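Worksheet: one structure, shown below.
The shown structure was predicted, so the numbers you read here are calculated from the model rather than taken from an experiment. Starting from 1, each residue takes its place in the sequence as its number.
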Amino acid sequence: MIPRFTRRRLLCCLSLVASGTLLVSPTVAAEEKSPGIAWKMHTINDQSPYEACGAADFNGDGKTDIFCGDSWYAAPKWTKHKVRDVPASGPNPHYYEDFADSPLDVNGDGRPDIVTCNYFGKRVGWVKNPGGDSTAPWTEHEIDTPGNMETGELVDLNGDGKLDFLPNTGNVVVWYELTQQKPAVVWTKHDLGSEGAGHGVGVGDINRDGRLDIITPKGWHEQPADAASNTWPFHAEFELGAAGIFIHGRDVDGDQLTDVVYGMGHGFGLNWLKQTASSNGQREWTKLNIDDTFSQVHTLVFTDLDGKGEPELVTGKRVYAHEVEPGDTDASVVFYYQFDRAAAKWKKHTIFHGDPAINAPKDAKDRWALKDFPKGSAGTGLQVAAVDMDADGDIDLVCPGKSGLYLFENLSQ
């Protein structure tokens, strides 16, 4: 019998051969023996079931607060303020229609609002912050209904210095530009069609022309000189499968070519595609493994954790991304990775490692993360907020998920 770890790698290799993609020396990131960054875990709400979060000063007192699901939590004591109702998502009572909580002053009143999206409602919207410490309702305003969305992120796609919203809509590649704040909020929709649509989305300057391109599981959309054009040429150069969100395009190894870093959202695998050029100048992609010891890799964030100027990769397990799929009841984890360019390998560091859900019911309909996993099980949900929460000069991490909401304080400063 082939061990599970080896079997996964063998199947991976076979699928790559079949798809015509070359796999070279898939090496799991080595766990570092050195101490790395020290972390202090803070429980914000161990009964929170929501998978999205954002961090900003929501009440104007100069401190960074947390928004997650139906509530925001006021720093520094993390006092909970429930400000809206978030319904269950479709037929599953343990998914909620809150798949992104991205802070942005949408209406120009000086207060951060929340840009959000959901799955069964197929809706992109923004939630107005009324200000202050009150529990006055935050009102949601619909932007569009493009389709089922896993999540979305704010990114300055067109390089105008303003953040745009890029949702992962499975049926279409689309992004939204905030073109007016006053006297009324206006969002402009940019529809790039369905050719590249799938599970996962991200950005990166793939062809190094100074413009961000949109990366999908099926290839990449090249940003034209006029970003407002809905004609972004599509290059079907790779197949990632059910990728996590965000997919990152960045030069991993320092060769001045943009590589692609992604996780497998509903299976095992944290990977990167190394870009090279053939003798005739054509782009070629080689799939390399970073880590395949955990599954349900949805959220990936690059952020400078140690303050040395080179961002680390933060990710982990989205607990019960689905209740029944590979690695579903395995321990929840949060890791960060550094790529050693001299050694050409990834170094893995543990931020959190929990315990598995050993008594989880066999039937998926009976599973519930808050009941099945030990209390205090942190994961990475659909978003991780990488922000200096305590204003001490280093980046902390806010991690939401079906098993609770947690803050990891970076102790490097």
Side-chain angles (χ1 to χ4, degrees), residues 3-29 51 99 119 148-151 153 168 170 196-204 215-220 237-250 252 259-274 285-302 313-337 339 346 348 356 364 379-384 399 401-402:
R4 186 176 68 169
F5 178 84
T6 306
R7 186 167 64 249
R8 288 200 305 269
R9 179 171 292 177
L10 176 60
L11 291 173
C12 175
C13 294
L14 291 174
S15 67
L16 287 165
V17 171
S19 65
T21 305
L22 176 64
L23 177 65
V24 178
S25 301
T27 304
V28 175
E51 298 185 87
F99 282 59
Y119 191 83
N148 305 111
M149 282 163 287
E150 282 274 330
T151 188
E153 288 292 346
N168 179 210
H199 191 297
V201 75
V203 300
I215 309 171
T216 82
K218 300 176 182 178
W220 60 284
E237 296 178 357
F238 44 75
E239 281 277 356
L240 306 182
I245 306 106
F246 218 52
I247 302 170
H248 291 268
R250 58 184 300 109
V252 171
D259 310 300
V260 173
V261 182
Y262 67 101
M264 300 309 300
H266 297 286
F268 284 84
L270 175 63
N271 309 306
W272 66 293
L273 297 183
K274 176 178 170 58
W285 301 95
T286 301
K287 180 179 177 181
L288 299 166
N289 179 244
I290 301 172
D291 194 356
D292 59 7
T293 62
F294 67 104
S295 68
Q296 302 177 315
V297 190
H298 269 72
T299 304
L300 285 79
V301 176
F302 275 94
L313 169 61
V314 178
T315 189
K317 184 180 184 66
R318 178 190 174 193
V319 173
Y320 278 175
H322 289 306
E323 280 82 356
V324 176
E325 60 187 12
D328 44 20
T329 62
D330 289 356
S332 59
V333 294
V334 183
F335 298 123
Y336 77 90
Y337 301 81
F339 188 76
W346 292 88
K348 176 180 178 180
T380 50
L382 289 168
Q383 288 182 307
V384 168
C399 296
K402 291 187 179 77

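By the 4.5 Å heavy-atom criterion applied to side chains, His199 and His266 are counted as neighbours. A 4.5 Å side-chain heavy-atom check between Met264 and Val297 finds every atom pair outside the cut-off. A 4.5 Å side-chain heavy-atom check between Tyr337 and Leu270 finds at least one atom pair inside the cut-off. Under the 4.5 Å side-chain criterion, counting only non-hydrogen atoms from C-beta, Phe246 is not in contact with Ile215. Side-chain contact between Leu240 and Leu273 is present, with at least one heavy-atom pair separated by less than 4.5 Å.
Considering all non-hydrogen atoms of both residues, Thr216 and Gly196 come closest at OG1-O, 2.7 Å. Between Pro326 and Ser295, the shortest heavy-atom contact is O-OG, 2.8 Å. Closest approach of Lys402 and Tyr320 over heavy atoms only: NZ-O, 2.9 Å. The two residues Ile290 and Leu313 come nearest to each other via the heavy atoms CD1-CD2, 4.3 Å. Contact between Ala364 and Val324 at its shortest, heavy atoms only, is CB-CG2, 3.2 Å. Between Phe99 and Met149, the closest heavy-atom pair is CD2-O, 3.5 Å.
With rounding to the nearest 0.5 Å, the separation of CG in Asn168 from CD1 in Ile247 is 7.5 Å. From Arg250, atom CZ reaches atom CZ of Phe302 across 4.5 Å, with rounding to the nearest 0.5 Å. The structure places OG1 of Thr380 at 8.0 Å from CG of Leu300, a figure rounded to the nearest 0.5 Å. Residue His298 holds its NE2 atom at 8.0 Å from CD of Glu51, rounded to the nearest 0.5 Å.
Between the Gln296 side chain and the His322 main chain, a donor and an acceptor come within less than 3.5 Å of each other. Within the 3.5 Å criterion, the main-chain N or O of Thr315 finds no donor-acceptor partner in the side chain of Thr299. No donor-acceptor pair under 3.5 Å is formed between the side chain of Lys274 and the backbone N or O of Asp259.
For the pair Lys348 and Phe335, the cation sits on the ring face: its NZ or CZ lies under 6.0 Å from the ring centre, inside 45° of the axis.
Here Phe339 pairs with Trp272, Trp346 under the ring pair (Phe, Tyr, Trp, His ring centres under 6.0 Å) rule; sequence neighbours left out.
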